[in-house]
*Asks:* 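Below: one structure in structure tokens.
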Amino acid sequence: MADIDATLAAHPPQLKHHFDDTEQQLESSTLGMWVFLLTEVMFFGGMFGGYTVYRNMYPDAFASTSHFMNVTMGGFNTGVLICSSLTMALAVRAAQLGSKKTLILFLIFTLILGFVFLVVKYFEYHEKWVDHHIPGPGFRYEETRYFHQAQILFFLYFAMTGMHAIHMIVGAGLLTTLIVMAARNKFSALWYTPVEMIGLYWHFVDIVWIFLFPLLYLIGHTK
Amino acid sequence: MPTLSLVPPRASTGAGQVDALYGYLLVVGIAMTVLIFVVVVFFALKYRRKSPDEPPPKPIHGSIPLELTWSVIPFLFMLVMFAWGTKLYFDNYTPPRDTLDIYVVGKQWMWKVQYPDGQREINELHVPTGRAVKITLASEDVIHSFFLPAFRLKHDVVPGSYQTFWFQATLPGRYHIFCAEYCGTNHSRMIGWVTVMEPVAYQNWLAGSATGASMAEQGQKLFDQFGCVTCHVTDSQGRCPSLRNVFGNPVQLEDGRTVVANEAYIRESILNPNAKIVKGYKHDVMPVFQGQISEDNLLQLIVYIKSLSASTAAPAKAAATQVQKQ
Amino acid sequence: MSTTLPHAPTEERVNYLNADYGWQSWLFTTDHKRIALLYLFSITAFFFVGGAFAVGMRLNLLRPDGLFQHDTYNKLFTMHGIIMVFFFLVPSIPATLGNFLVPLMIGARDLAFPRINLLSWYIYIVGGVFALTAIVRGGVDTGWTFYAPFSSTYSNTHVILAAIGVFVSGFSSILTGLNFIVTIHKMRAPGMTWGRLPLFVWAHYATSLIQVLGTPVIAITIVLLGLERILHAGIFDPALGGDPVLFQHLFWFYSHPAVYIMILPGMGVISEIIACFSRKAIFGYGFVAFSSVAIAVLGFLVWGHHLFVAGQSMYASMVFSFISFLVAVPSAIKVFNWTATMYRGSISFETPMLYAFGFIGLFTIGGLTGLFLATMAIDVHLTDTYFVIAHFHYVMVGGMVLAFLGGIHFWFPKITGRMYPENWARIAAIIVFVGFNLTFFPQFIVGYLGMPRRYATYAEEFQVLNVLSTAGASILGLGYLIPMIYLAWAWRKGPRAPQNPWHAKGLEWENSPSPPPTFNFDEQPIVTEEAYNYAGEVQVGRH
């Protein structure tokens, strides 16, 4: 063994033994994350399918329920998430450049924006709770002729936004993990794969919201 | 019925046709199976390894003509299956115009059968030979399936909707009715008998089990009882559309759509009136009857409303006069 | 390389089995081969749990008026279906033989994500615990298909527990598929091009595509069903404005492709076995490889053939029927190519080959009877009868289970380093074949006669055929038990196997000892020839 640096270059610490080289490892991780996101598309797709069926079955009830969607909160949250995707992309950029402080800073911004989203979501759900729009025994609806249809549509609303919120919470946990890892000097310009992968995940969760917002909040709202 | 038969009795015009198609499938299937079996056994024996030191055989990588041949030819056989099966399916699910309508309501765990003249049975269905019979199926609770093996027919009974099929019985006798969609504890006891009778015997049976009021008459009673008559009685008087000559004809809705007033439309209009509002009328005028009328009663109301239509009134009257003749 | 016959080693080398001892080295392993064994033991255990329910069912069906209470019988067939489908068939070959062999066959040291592999096993166990809890707490009686509104509103059994079990086990399946896709794309050894991959690997690639794309849909369907059961919002309940047929569409969108998850790996096993025991390259390699992918794609487009009598539009049914016929073509192509492989081959009749013969016969029958069900007018009569049950048992047991047993025997020397007793194994294979046909062939007949499925009691005229079926089941059960015994014995006490006892082609046989070391190869393999080059040299190894 001649040179420690040469050894490290040939076998960096984060290279797992079953991979031939870091390039293979990075490509595998990236493909793996994209395949996982594909499964998430199919997962949310089932709910989008249900939404499409019921929206077509009950267009009038749908128009009625969309008046109760809080477009202000939803719109604000959309802006929050888009900004968080920006900060996440900047975090990945910082990791690429090996700037630990900038990386941690942008990860924290992303996390804060994620929390803002979740807090606003809490207030939104609370509003629904007060209005008795949560499906279940306590459900009430202003226009009694649409009672059953509205309950189904709110059920889908909560299922879709709730599932999205769960993914956001998981994302927040992942971001926290990244912050801790970054603080402990785990990342460098040579290796920052988790940052990149979680960045992909975060962008995906953002994109799901970009679909949810118009479909649930905007369409039919102005009727 | 001999215990060694391979097919159920053939008691309808459709049954023989289904059996014929089944026969074709069997012939093709058995031929293919035998062919593969024979070839595999032949190759296994002819090319069995004679000694362990035998040199390896020459590789044969493939043959595109062969692949195409054994893809296309089976596919052609399958196209026959597809075309024949589809045609027969369409025929079995498209009733002719003039049918004897019988109404079946499935509930855990029994079949309630209603005839237009008012006869009612539980787990028994009587039908005549030589006449097209249309069965309308409704469920009071979960999904069931009304299965008549002797006619080679079944259809799921789906709550919230009406499903139909039709048949023309040919062979007098008594045949099984089975529920064929798992529906809970006594699914396997949700069975009964369909009795096919010659027309004269059938008329005698109808007369003998007549309860007095026909379905249309019972429907009319319900129509009064639920207050429908106060609004829908004669010609358009402002609050709600008249029901004379509605059934079977197109209806213009307020949102611009046109729908045909069939059984499903009438049912929905009773249970959820605001789903479709006729052009020129208002929302929230008719009470919502969801959960207040049983499936049996809904069918009676529908038969009554059918009788208010000139085109569909005739068969009901004909059946009634036939009964009176006996 | 030596050209003399291989000899068994006199002492044991370090391999993946003896590299480390103790429960921690197994429960915290990241070695794909050990994980494959963890799966093998748990899947076998679930198979016998599911089999126990089948025993109960067939005992009940000896008499027309049954044996158990109706509620009990309803739970028996439900739990039989849930355990067999989700905890046996779906994971079986991929998680055991696939996990073990895919890295070996492509010349990799492990799968792309070894820790995710271990996680998938733990997730499978957690799902299994939920399912077993549902059983122990009193069972579920909805049928494995969970149709609404019965399952959402009417059943008063442990639906949610069972549903959680299925939901969780789905993630195990997704992670396995994800791992295989990335591994096959990224970790092939130098020279191992897509066109040189063993057909076993192609089959697992196609299977993984289905796992990854289909399983999330049933996951969300179960979530919606579970929420509906708690909240009664009405999404599948017509009394509350919902559509029960929507549930069926969502359910079958996964559950039909799922049957291809179950059969494609078995077809991969059969390709390997037939090539080896005919000593000849598979005829039409490209067609067989492509047919696996074609089955996976087309399999996503046929789910409506489960809804021909459910209230689906006639026109939609027509499209689904047509595509169902289309999907039969690639399966037929495989059977013809396997047969053509034997032409002018050099055929021997060891146990794996016997299972392969059985597979060809029984899968052909199973597949052909699928055509009956794709024919709309015939399906109207046959759906929800025993004909359907016979059809899917022919493909799943006559096909998949035979392939699984054949594969276990074929790779037993590689996995354990020992040989199984050939004569006992052949006898068991024949018993399984005979028992299977006696069990399920009568069910085709009794199905056309009109006996519905899921019936605890039945019309008297069906009794003779049911008794025959139960008799067959006892023979089949014996056929399953015998290998359990001699395989367990052989693992400990069987004669040591040489590296390549079958003189098979393939990196797992030629380049890796039996059993392999933890990182699979002493040297990185470099691939220079096509798959199944039996006309060329076969390496038998030094060991």
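Note that the structure is a prediction, hence the values are computed from the model and not measured. Quick note on labels: first sequence line is chain A, next is B, and so on, each numbered from 1.
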*Asks:* Tell me which of these, B/Gly14, B/Cys179, B/Ala150, has more heavy-atom pairs under 4.5 Å with chain C than the rest.
*Replies:*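 Sorted descending by pairs with chain C, the first entry is B/Cys179.
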
*Asks:* Go through it in stages, so that I can follow the logic: the residues are C/Phe322 and B/Phe82, the test is ring pair (Phe, Tyr, Trp, His ring centres under 6.0 Å), and I'd like the CA-CA distance, side-chain angles, deciding distance and then a yes or no.
*Replies:* CA-CA 7 Å; C/Phe322 185 77; B/Phe82 168 71; 5.2 Å; yes

*Asks:* When you check the gap from the basic side-chain N to the acidic O, do B/Glu124 and B/Arg174 get nearer than 4.0 Å?
*Replies:*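 Between B/Arg174 and B/Glu124 there is a salt bridge, with a charged N closer than 4.0 Å to a carboxylate O.
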
*Asks:* Taking every non-hydrogen pair under 4.5 Å, which of C/Ala374, C/Gly367, C/Ala332, C/Ala456 racks up the most with chain B?
*Replies:*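 The residue among C/Ala374, C/Gly367, C/Ala332, C/Ala456 with the greatest pair count is C/Ala456.
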
*Asks:* Under 3.5 Å, is there a donor-acceptor pair between the side chain of B/Ser139 and the main chain of B/Val142?
*Replies:*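 Confirmed, B/Ser139 side chain pairs with B/Val142 backbone.
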
*Asks:* Apply the test ring pair (Phe, Tyr, Trp, His ring centres under 6.0 Å) to residues C/Phe283 and B/His61: give CA-CA distance (whole Å), side-chain angles for both, the deciding distance (0.1 Å), then the verdict.
*Replies:* CA-CA 5 Å; C/Phe283 188 94; B/His61 283 109; 9.4 Å; no

*Asks:* Please determine, among B/Phe90, B/Trp84, B/Phe165, B/Phe151, the option with the most heavy-atom pairs under 4.5 Å with chain C.
*Replies:*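 Most heavy-atom pairs under 4.5 Å with chain C: B/Phe90.
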
*Asks:* Examine whether an atom of B/Val158 lies under 4.5 Å from a heavy atom of chain C, and if so say whether it belongs to the side chain, the backbone or both; otherwise answer neither.
*Replies:*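 Contact with chain C: side chain only.
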
*Asks:* Do you know which of C/Asp71, C/Thr364, C/Asn74, C/Asn533 has the most heavy-atom pairs under 4.5 Å to chain B?
*Replies:*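 Most heavy-atom pairs under 4.5 Å with chain B: C/Asn74.
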
*Asks:* Quick test of your reading of the model: are C/Lys505 and C/Glu530 salt-bridged, counting only N-O distances below 4.0 Å?
*Replies:*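 No, this pair does not count.
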
*Asks:* For B/Ile60, is it the side chain, the backbone, both or neither that has a heavy atom under 4.5 Å from a heavy atom of chain C?
*Replies:*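 Its backbone and side chain both get close to chain C.
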
*Asks:* With a 4.5 angstrom heavy-atom cut-off, which part of B/Leu26 approaches chain C: side chain, backbone, both or neither?
*Replies:*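 Both parts, heavy atoms under 4.5 Å.
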
*Asks:* Which one, C/Phe444, C/Trp338, C/Tyr147, leads in non-hydrogen pairs under 4.5 Å with chain B?
*Replies:*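 Option with the greatest count: C/Tyr147.
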
*Asks:* Heavy-atom pairs under 4.5 Å with chain C - which of B/Pro56, B/Ser188, B/Gly160 has more of them than the others?
*Replies:*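 Highest number of pairs under 4.5 Å: B/Ser188.
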
*Asks:* Heavy-atom distance under 4.5 Å to chain B: side chain of C/Ile282, backbone, both or neither?
*Replies:*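 Only the backbone of C/Ile282 comes within 4.5 Å of chain B.
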
*Asks:* Should we say atom CD of B/Gln292 is surrounded by more than 12 heavy atoms from elsewhere, each under 6.0 Å from it?
*Replies:*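 More than 12 within 6.0 Å, yes.
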
*Asks:* Applying side-chain hydrogen bond (donor to acceptor under 3.5 Å, both in side chains) as the test, list every pair that has at least one member in residues 62-79 of chain B; sequence neighbours left out.
*Replies:*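 Matches after skipping sequence neighbours: B/Glu67-B/Trp70, B/Glu67-C/Asn337.
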
*Asks:* Report which part of B/Ile30 has an atom under 4.5 Å of a heavy atom belonging to chain C: side chain, backbone, both, or neither.
*Replies:*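 Neither part, no heavy atoms under 4.5 Å.
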
*Asks:* So for C/Ile347, is it side chain, backbone, both, or neither that comes closer than 4.5 Å to the heavy atoms of chain B?
*Replies:*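 Contact with chain B involves both backbone and side-chain atoms of C/Ile347.
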
*Asks:* Please classify the contact between C/Ala148 and chain B as side chain, backbone, both or neither, with a heavy-atom cut-off of under 4.5 Å.
*Replies:*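 Contact with chain B: backbone only.
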
*Asks:* Measure B/Gln108 against the heavy atoms of chain C and call it side chain, backbone, both or neither at under 4.5 Å.
*Replies:*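 Contact with chain C is through the side chain of B/Gln108 alone.
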
*Asks:* Tell me, out of C/Leu307, C/Asp237, C/Leu326, who's got the most heavy-atom pairs with chain B below 4.5 Å.
*Replies:*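 Between C/Leu307, C/Asp237, C/Leu326, the count favours C/Leu326.
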
*Asks:* Using non-hydrogen atoms and a 4.5 Å limit, figure out which bit of C/Tyr285 sits close to chain B: side chain, backbone, both or neither.
*Replies:*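 Looking at C/Tyr285, just its backbone touches chain B.
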
*Asks:* When you check the gap from the basic side-chain N to the acidic O, do C/Lys280 and B/Glu54 get nearer than 4.0 Å?
*Replies:*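 A salt bridge is absent here (no side-chain N lies under 4.0 Å from a carboxylate O).
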
*Asks:* Could you name the residues of residues 72-79 of chain B that have a heavy atom within less than 4.5 Å of a heavy atom in chain C?
*Replies:*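 Heavy-atom contacts from residues 72-79 of chain B to chain C are B/Pro74, B/Phe75, B/Met78, B/Leu79.
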
*Asks:* Sort C/Val245 into side chain, backbone, both or neither according to what part of it lies under 4.5 angstrom from a heavy atom of chain B.
*Replies:*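 Just the side chain, heavy atoms under 4.5 Å.
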
*Asks:* Please determine whether side chain to side chain contact (heavy atoms under 4.5 Å, CB included) holds for the pair B/Trp111 and B/Ile177, giving the CA-CA distance in whole Å, both sets of side-chain angles, and the decisive distance to 0.1 Å.
*Replies:* CA-CA 9 Å; B/Trp111 298 105; B/Ile177 300 174; 4.0 Å; yes

*Asks:* So which of C/Tyr458, C/Phe77, C/Tyr455, C/Phe150 actually passes ring-ring contact (aromatic ring centres under 6.0 Å, His included) with B/His187?
*Replies:*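 By the ring-ring contact (aromatic ring centres under 6.0 Å, His included) criterion, B/His187 pairs with just one of C/Tyr458, C/Phe77, C/Tyr455, C/Phe150: C/Tyr455.
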
*Asks:* Please classify the contact between C/Phe372 and chain B as side chain, backbone, both or neither, with a heavy-atom cut-off of under 4.5 Å.
*Replies:*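 Contact with chain B involves both backbone and side-chain atoms of C/Phe372.
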
*Asks:* Between C/Gly66, C/Gly286, C/Pro238, which has the largest tally of heavy atom pairs under 4.5 Å with chain B?
*Replies:*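 Sorted descending by pairs with chain B, the first entry is C/Pro238.
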
*Asks:* Considering only heavy atoms, which portion of B/Asp91 lies under 4.5 Å from any heavy atom of chain C: side chain, backbone, both, or neither?
*Replies:*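 Neither; nothing under 4.5 Å.
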
*Asks:* Can you tell me which of B/Ile64, B/Leu45, B/Leu153, B/Ile36 forms the most heavy-atom pairs within a distance under 4.5 Å of chain C?
*Replies:*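 Sorted descending by pairs with chain C, the first entry is B/Ile36.
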
*Asks:* Answer yes or no: does atom CZ of C/Arg344 have more than 12 heavy-atom neighbours from other residues, nucleotides or ligands under 6.0 Å?
*Replies:*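 No, the 6.0 Å shell around CZ holds no more than 12 heavy atoms from other groups.
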
*Asks:* Passes ring pair (Phe, Tyr, Trp, His ring centres under 6.0 Å), C/His381 versus B/Phe147? Steps please.
*Replies:* CA-CA 8 Å; C/His381 178 57; B/Phe147 180 28; 5.6 Å; yes

*Asks:* Where on B/Phe37 is there a heavy atom nearer than 4.5 Å to chain C: the side chain, the backbone, both, or neither?
*Replies:*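 Neither the backbone nor the side chain of B/Phe37 comes within 4.5 Å of chain C.
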
*Asks:* Do we see a donor-acceptor contact under 3.5 Å between the side chains of C/Asp141 and C/Thr157?
*Replies:*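 Yes, side-chain donor-acceptor contact under 3.5 Å.
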
*Asks:* Let me know if C/Thr385 has heavy atoms under 4.5 Å from chain B in its side chain, its backbone, both or neither.
*Replies:*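 For C/Thr385, the side chain is the part near chain B, not the backbone.
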
*Asks:* With side-chain hydrogen bond (donor to acceptor under 3.5 Å, both in side chains) as the rule and sequence neighbours excluded, what pairs involving residues 319-328 of chain C come up?
*Replies:*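 Of all non-adjacent pairs touching residues 319-328 of chain C, those that pass side-chain hydrogen bond (donor to acceptor under 3.5 Å, both in side chains) are C/His305-C/Ser324.
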
*Asks:* Between C/Ser155 and chain B, with a heavy-atom cut-off of 4.5 Å, which part of the residue counts as in contact: side chain, backbone, both or neither?
*Replies:*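 For C/Ser155, neither part sits under 4.5 Å from chain B.
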
*Asks:* What option among B/Leu66, B/Asn92, B/Ile143, B/Val41 has the most heavy-atom pairs under 4.5 Å with chain C?
*Replies:*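 So the answer, after comparing B/Leu66, B/Asn92, B/Ile143, B/Val41, is B/Ile143.
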
*Asks:* Looking only at heavy atoms and a cut-off of under 4.5 Å, which of B/His155, B/Lys46, B/Lys58, B/Lys50 has the most pairs with chain C?
*Replies:*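 Most pairs with chain C among the choices: B/His155.
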
*Asks:* If you round to the nearest 0.5 Å, how far is SG of B/Cys183 from CZ of C/Arg454?
*Replies:*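 Reported to 0.5 Å precision, the distance equals 11.0 Å.
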
*Asks:* Sort B/Lys154 into side chain, backbone, both or neither according to what part of it lies under 4.5 angstrom from a heavy atom of chain C.
*Replies:*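 Its backbone and side chain both get close to chain C.
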
*Asks:* Can you establish whether the number of heavy atoms outside C/Phe290 located under 6.0 Å from its atom CZ is more than 12?
*Replies:*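 Not more than 12 within 6.0 Å, no.
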
*Asks:* Under 4.5 Å heavy-atom distance to chain B, tell me which part of C/Ser317 shows up: side chain, backbone, both or neither.
*Replies:*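 The side chain, not the backbone.
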
*Asks:* What part of C/Phe462 gets within 4.5 angstrom of chain B, counting heavy atoms only: side chain, backbone, both, or neither?
*Replies:*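 Side chain only.
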
*Asks:* If the plane angle is over 60° it's perpendicular, under 30° parallel, otherwise tilted; pick one for C/Phe441 and C/Tyr394.
*Replies:*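 Perpendicular.
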
*Asks:* Side chain from CB out, backbone as N, CA, C, O: work out which of these in B/Glu140 comes under 4.5 Å of a heavy atom of chain C, or both, or neither.
*Replies:*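 Backbone of B/Glu140 only, per the 4.5 Å heavy-atom cut-off to chain C.
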
*Asks:* What part of C/Ala535 gets within 4.5 angstrom of chain B, counting heavy atoms only: side chain, backbone, both, or neither?
*Replies:*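 Its backbone and side chain both get close to chain B.
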
*Asks:* If I measure from the heavy atoms of chain C, does B/Asn272 come under 4.5 Å with its side chain, its backbone, both, or neither?
*Replies:*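 Neither part; nothing is under 4.5 Å.
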
*Asks:* Of the backbone (N, CA, C, O) and the side chain (C-beta and beyond), which part of C/Val538 lies under 4.5 Å from a heavy atom of chain B, both, or neither?
*Replies:*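 Neither the backbone nor the side chain of C/Val538 comes within 4.5 Å of chain B.
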
*Asks:* Could you work out, with ring pair (Phe, Tyr, Trp, His ring centres under 6.0 Å) as the rule, every residue matching C/Phe146, not counting sequence neighbours?
*Replies:*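 C/Phe146 satisfies ring pair (Phe, Tyr, Trp, His ring centres under 6.0 Å) with no residue once adjacent residues are dropped.
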
*Asks:* Out of C/Tyr532, C/Tyr315, C/Tyr73, which one racks up the most heavy-atom pairs below 4.5 Å with chain B?
*Replies:*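 Heavy-atom pair counts peak at C/Tyr315.
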
*Asks:* Here's one to test your reading of the geometry: is the NZ or CZ of B/Arg48 within 45 degrees of the ring axis of C/Phe349 and under 6.0 Å from its centre?
*Replies:*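 No, a cation-pi geometry is absent between B/Arg48 and C/Phe349.
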
